[in-house]
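In what follows, a single structure is set out as structure tokens and then discussed.
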2 protein chains.
Amino acid sequence: MSGQVLNGKKTRGGGVDITQVAQRAGVSPATVSRVTNGRSTVAKHLAKRVWRAIEELGYTPNPQARALVSGRSRVLGLLVSEITNPFFPELMQSFEDVAGEHDFEVMVGSTNYNRERASIFIRRLIQRRVEGVAVMTFRAESHFLDALIAEDIPLVTIDVSANAARSVVLEVDYAQGIDEAVQHLALLGHRRIGFASGPMPHLTNVRRKEAFVRAARKIGLTADKAPIFAGEHTFEGGTLAAHHFLRIEPRPTAIVCSNDMMAVGVLRVLATSGIRVPRDMSVVGFDDIHLAEFINPPLTTVRMSRQDLAQAAFNGLEKLWSEESSGSLTSIRIGTRLVVRQSTDSPKGAANGLRRNKSTRQAETQTASA
Amino acid sequence: MSGQVLNGKKTRGGGVDITQVAQRAGVSPATVSRVTNGRSTVAKHLAKRVWRAIEELGYTPNPQARALVSGRSRVLGLLVSEITNPFFPELMQSFEDVAGEHDFEVMVGSTNYNRERASIFIRRLIQRRVEGVAVMTFRAESHFLDALIAEDIPLVTIDVSANAARSVVLEVDYAQGIDEAVQHLALLGHRRIGFASGPMPHLTNVRRKEAFVRAARKIGLTADKAPIFAGEHTFEGGTLAAHHFLRIEPRPTAIVCSNDMMAVGVLRVLATSGIRVPRDMSVVGFDDIHLAEFINPPLTTVRMSRQDLAQAAFNGLEKLWSEESSGSLTSIRIGTRLVVRQSTDSPKGAANGLRRNKSTRQAETQTASA
DNA sequence: TATAGTTCTGAAATCGATTTCCCGCAAGCT
DNA sequence: AGCTTGCGGGAAATCGATTTCAGAACTATA
């Protein structure tokens with residue numbers, strides 16, 4: 001079917017063009033275009049002939065030509081923080097899937113917390129004429145984005161509004177999941193809970209921290225019973241946090257982390273210090289990366305759905321495309337929820353610690369994998 | 001600079017076209033094209049004027065228009081197995097970096113071991129007119145690729161040759177790293193070593209297994225002292241393998257895994273079975289994913305460089321582009337090497353086990369992070 | 001000095017779609 | 001019957017680059 005010879009010229013499957021289809025169907029190219037785009041009505045019998053010709057020749061419209069005349073490239077940009085945190089590849093995949101369903105291609109770039117790298121990527125986005133960009137770095141406050149804003153490219157950011165005319169903010173409801181986590185710990189009998197925060201100037205991290213502070217207060221913990229340590233959102237950040245909390249007297253019986261990578265770091269320090277989890281210390285993560293289920297012990301963590309995030313990001317862009325006037329700053333809420341696994345339990349010496357029974361734990365684990 | 005008004009019509013930065021540049025520089029569009037492409041000589045003073053105009057207007061050539069006339073899309077495809085194995089995101093990033101340096105964009109897709117998903121992605125690649133595809137699934141034998149081959153799209157595969165006119169094979173030298181690993185274990189005093197293989201029909205896994213068999217024989221291990229278990233290249237595959245080896249009598253003192261995800265599964269089973277690593281059992285992985293350094297204990301593993309792989313894949317494509325005649329099947333070799341961390345040590349009861357001293361271990365760890 | 005041979009430049013064709021403009025025809029109305 | 005309206009479809013313009021072709025200017029040679 002493809003690779004055949006037509007008009008004496010070799011045509012790759014993609015090499016069939018609209019004129020050949022038109023010829024074969026006995027109509028004009030314009031009509032073929034009308035059929036494939038369905039924007040205008042074409043007599044049924046003609047449409048049928050066109051579809052058959054398309055089928056027989058294996059025609060697919062040339063996206064470059066299409067983009068050229070329509071002015072729409074059907075390419076989106078996705079900016080993430082770093083590829084080594086499994087949360088981001090998972091998010092990437094979700095976003096590509098959503099975009100793909102709508103015939104968009106995605107250019108993905110990771111900043112790796114490197115200004116230079118980010119600008120190079122953004123320049124590439126602009127050159128490719130992307131129709132919109134999802135900024136999923138949780139650090140949108142930086143002026144990475146100025147170039148994009150200057151080009152008036154629709155932008156979706158997380159938590160923090162880009163100072164752009166055409167932008168949508170995804171508001172993540174951290175409080176929901178973090179509340180659940182702290183309640184869960186309280187219920188297990190914990191009365192001293194540390195919080196390993198992400199680096200502080202960034203709004204996302206401020207929000208997560210504040211959510212923790214409020215949750216702690218809600219269960220009656222004063223500031224000294226809910227100590228906070230801020231570090232990078234990485235394995236190393238987690239190790240530093242763990243060391244910090246181990247030095248505190250009296251020592252917290254549980255640590256809530258601002259993301260799962262930190263939790264992995266915390267677990268490592270605890271393991272090498274001979275502190276058993278969850279027997280001697282409970283640990284809660286945030287993100288629910290795929291690996292959370294597989295590390296030792298499987299991590300209780302707050303799940304932020306990448307599918308929801310990806311879908312919301314795409315919806316946000318669609319909204320920006322449809323609005324003629326660069327409208328009001330809309331925001332879309334994303335929920336979070338606790339997934340209980342095995343890194344949390346009653347503190348060793350708790351008088352009133354309720355040990356969870358087997359069936360409860362199973363039910364919770366099941367929820368996690370659903 | 002951008003967003004300015006020119007000829008009464010609003011121009012986004014990217015909206016500046018070659019005619020405007022030509023006008024400003026007082027030359028024809030053809031000359032501007034010659035300057036930006038450097039394919040033909042242009043008088044120095046004119047070139048200078050053109051560059052200045054380009055600079056002043058913030059002109060970047062429209063890639064769609066360029067692709068349309070040149071017939072080259074400057075888009076590549078990258079097909080990986082699954083996004084949840086951190087090896088692949090890391091490879092992705094390397095490939096995108098290499099491609100980006102040469103002004104190529106990359107469409108990434110993961111099969112997730114799902115035939116349907118793979119075909120959909122491949123259809124998208126063809127529609128976008130990719131100029132080449134790197135197939136990094138380690139399962140190229142499937143006829144995923146038939147559609148690409150029919151389109152005569154240049155293909156780079158790993159280990160196994162796609163049956164295509166225009167293709168290059170990346171031969172990974174598994175023996176090198178696996179030999180080192182087995183030698184390392186032998187030196188520590190291990191005499192019974194299990195191998196957790198990947199699923200069997202796939203050539204890559206056959207190669208890794210054979211490399212292990214040969215290495216085991218080299219240190220004098222008969223088949224019964226080097227048992228093999230084949231499972232999926234996943235966490236679950238690792239847990240199955242571990243359970244298998246724990247049932248064997250006499251039990252192996254070390255397990256070599258065909259990839260790091262399996263090793264993580266093995267470690268988990270060992271931990272929950274109360275078997276300490278490396279004291280009671282040594283474990284070696286394969287890939288050296290970022291997380292290998294961070295799990296408990298840090299994993300001794302065989303590193304396969306994603307940078308080398310990505311660069312080799314791109315070089316392979318370049319080779320295919322330059323060859324007019326769809327030449328001979330060339331292959332490019334990729335090396336592997338052992339990275340020693342803390343999941344390997346002398347077996348508990350070994351008479352002649354040499355304990356590594358601290359300085360050695362440090363030196364080796366340093367190599368790992370370099 | 002005349003002629004052949006180089007360089008360099010611009011006009012125009014081209015890539016493959018979409019979209020505008022216009023014409024012909026059939027249906028609806030008085 | 002005559003006129004308007006509306007719909008479907010073809011011809012041609014368009015998007016923004018590259019590339020071919022041919023002419024102009026300049027150099028080198030006899």
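Using a 4.5 Å heavy-atom cutoff, the side chains of B:Arg123 and B:Ile120 are in contact.
For the helix from C:dT1-D:dA30 to C:dT30-D:dA1, the angle separating the two terminal helix axes comes to 50°, with each axis derived from five pairs and the value rounded to 10°.
With distances taken from any side-chain atom of A:Ala43 to the nucleotides D:dG9, C:dG10, D:dA17, the minimum falls on D:dG9. The side chain of B:Asp17 sits closest to D:dG16 out of C:dT9, D:dG16, C:dA17. Distance from the side chain of A:Pro61 is smallest to C:dA17 among C:dA17, D:dG16, C:dT9. Checking C:dT9, C:dT19, D:dT19 against the side-chain heavy atoms of A:Arg39 singles out C:dT19 as nearest. When each of D:dG10, D:dG8, D:dT14 is scored by its nearest atom to the side-chain atoms of A:Val69, the top-ranked nucleotide is D:dT14. Listed nucleotides: C:dA12, C:dT18, D:dA17. Nearest to the side chain of A:Arg66: C:dT18. In the set C:dG10, D:dT18, C:dT19, the nucleotide with an atom closest to the side chain of B:Thr31 is C:dG10.
Side chains of A:Thr111 and A:Glu82: no donor on one and acceptor on the other come within 3.5 Å.
Contact between the side-chain N/O atoms of A:Tyr59 and the OP1/OP2 oxygens of C:dA17 is found at a separation under 4.0 Å.
The nearest whole Å value for the distance from the CG atom in A:Leu57 to the P atom in C:dG16 is 14 Å. A:Gln64 has its CD atom 16 Å from the C1' atom of C:dT14, to the nearest Å. One can place CD1 of B:Ile18 at 14 Å from C1' of C:dA11, the figure rounded to the nearest angstrom. Rounding to whole angstrom units, CZ of residue A:Arg72 and P of C:dA17 are separated by 16 Å. We find that CZ of A:Arg34 is positioned 11 Å from C1' of C:dC21, with the value rounded to whole Å. Regarding A:His45, its NE2 atom lies at a distance of 10 Å from the C1' atom of D:dG8, rounded to whole Å.
Side chain B:Arg129 to base C:dG16: no donor-acceptor pair is found below 3.5 Å.
When the nearest nucleotides of DNA chain D are assigned to B:Ala65 and B:Ala30 by heavy-atom distance, the more 5′-ward of the two goes with B:Ala65.
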